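All values reported here derive from a predicted model rather than from experimental measurement.
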Amino acid sequence: MSILQRIRSASTSWARSARLRPQRVFAALCLACACALIVWMFTPDEAGTAVVVARSDLAPGAELTAQDLTLTDFPPDLVPDKAFTSVDEAEGRHTSAGLSKGSPLTETMVLDQQALPKGGKDLLMPIRLADDASAALLQPGQQIRLFSSLPDGGSEVVVEKVTIARLVDKPDGIAAESGQLVSVILTAEDAGRVAEFAGLPISFAILPR
């Protein structure tokens, strides 16, 4: 092969290579974009949802202050239903049950102050009833009589009549306490009477309308 033929052959190869190069670059870009898309699709969303949680252990009926609460990011799929997402929304509310440090605060864990008649002196108080199955018969607005079993046998009427304001949803899990928690409307005197039976099982009877 002459020198001239070699130069022509080299020029032809270079020209063919030059034509193919943009295609290769485009193919490489497409592959890179596809890989980036796959990585984005399978990368977990790190951005959580801020949920109000208890900063420390809280007793039932405690009035919530800003110092009692803080915000913690929860994965979007694990945010509890009806959870508070702002401390301001929960501040001033009262707990319907005891909360452990770090427990998320939801609407079912605070008392509904709107259940109280305006201008009245009645109170809302959380009470845990001993019998889950019987508590399924209860509805908000019903009036019930409360009893307690005494350690030395027998029973005693705790309060003659209270009105059910809300049935508090029970949390799931093995840590959930037994017994149905209800918030009831009662007088200050009856609230003091219920407090005397703290720690004892409370049962009930539904009163006629």
message = Run Val52 and Thr70 through side chain to side chain contact (heavy atoms under 4.5 Å, CB included) and show every step you take.
response = CA-CA 6 Å; Val52 177; Thr70 188; over 6 Å; no
Tell me every residue that passes side chain to side chain contact (heavy atoms under 4.5 Å, CB included) with [X], counting only those two or more places apart in sequence or in another chain.
X	value
Pro75	Leu78
Asp88	Ser86, Glu91
Ser100	Asp57, Ser103

Which pairs, with at least one residue in [range] and sequence neighbours excluded, count as a salt bridge (charged side-chain N to carboxylate O under 4.0 Å, His left out)?
range	value
residues 147-163	Arg145-Glu160, Glu156-Arg193
residues 47-56	none
residues 178-188	none

Using the test side-chain hydrogen bond (donor to acceptor under 3.5 Å, both in side chains), find all partners of [X] that sit at least two apart in sequence or belong to another chain.
X	value
Ser56	none
Asp131	Ser134
Thr106	Thr108

Side-chain touch Phe84/Leu69, heavy atoms, less than 4.5 angstrom = no
Minimum side-chain heavy-atom gap Glu89-Glu107 below 4.5 Å = no
query = How close do Val51 and Pro104 get, heavy atom to heavy atom, and via which atoms?
reply = CG1-CB, 4.0 Å
query = What is the minimum heavy-atom distance between Ser148 and Ile202, and which atoms define it?
reply = CB-CD1, 3.9 Å
query = Are Val159 and Leu207 grouped together when hydrophobic residues (ILVMFWY) are joined by side-chain heavy atoms under 4.5 angstrom apart?
reply = no
inquiry  = Taking side-chain contact (heavy atoms from CB on, under 4.5 Å) as the criterion, tell me which of Ile127, Ile144, Val162 meets it with Phe204.
reply    = Ile144
query = Should side-chain heavy atoms under 4.5 Å link Ile, Leu, Val, Met, Phe, Trp and Tyr, which residues sit in the same cluster as Phe147?
reply = Val157
inquiry  = If you count heavy atoms of other groups shown closer than 6.0 angstrom to CD of Glu196, is the number above 12?
reply    = yes
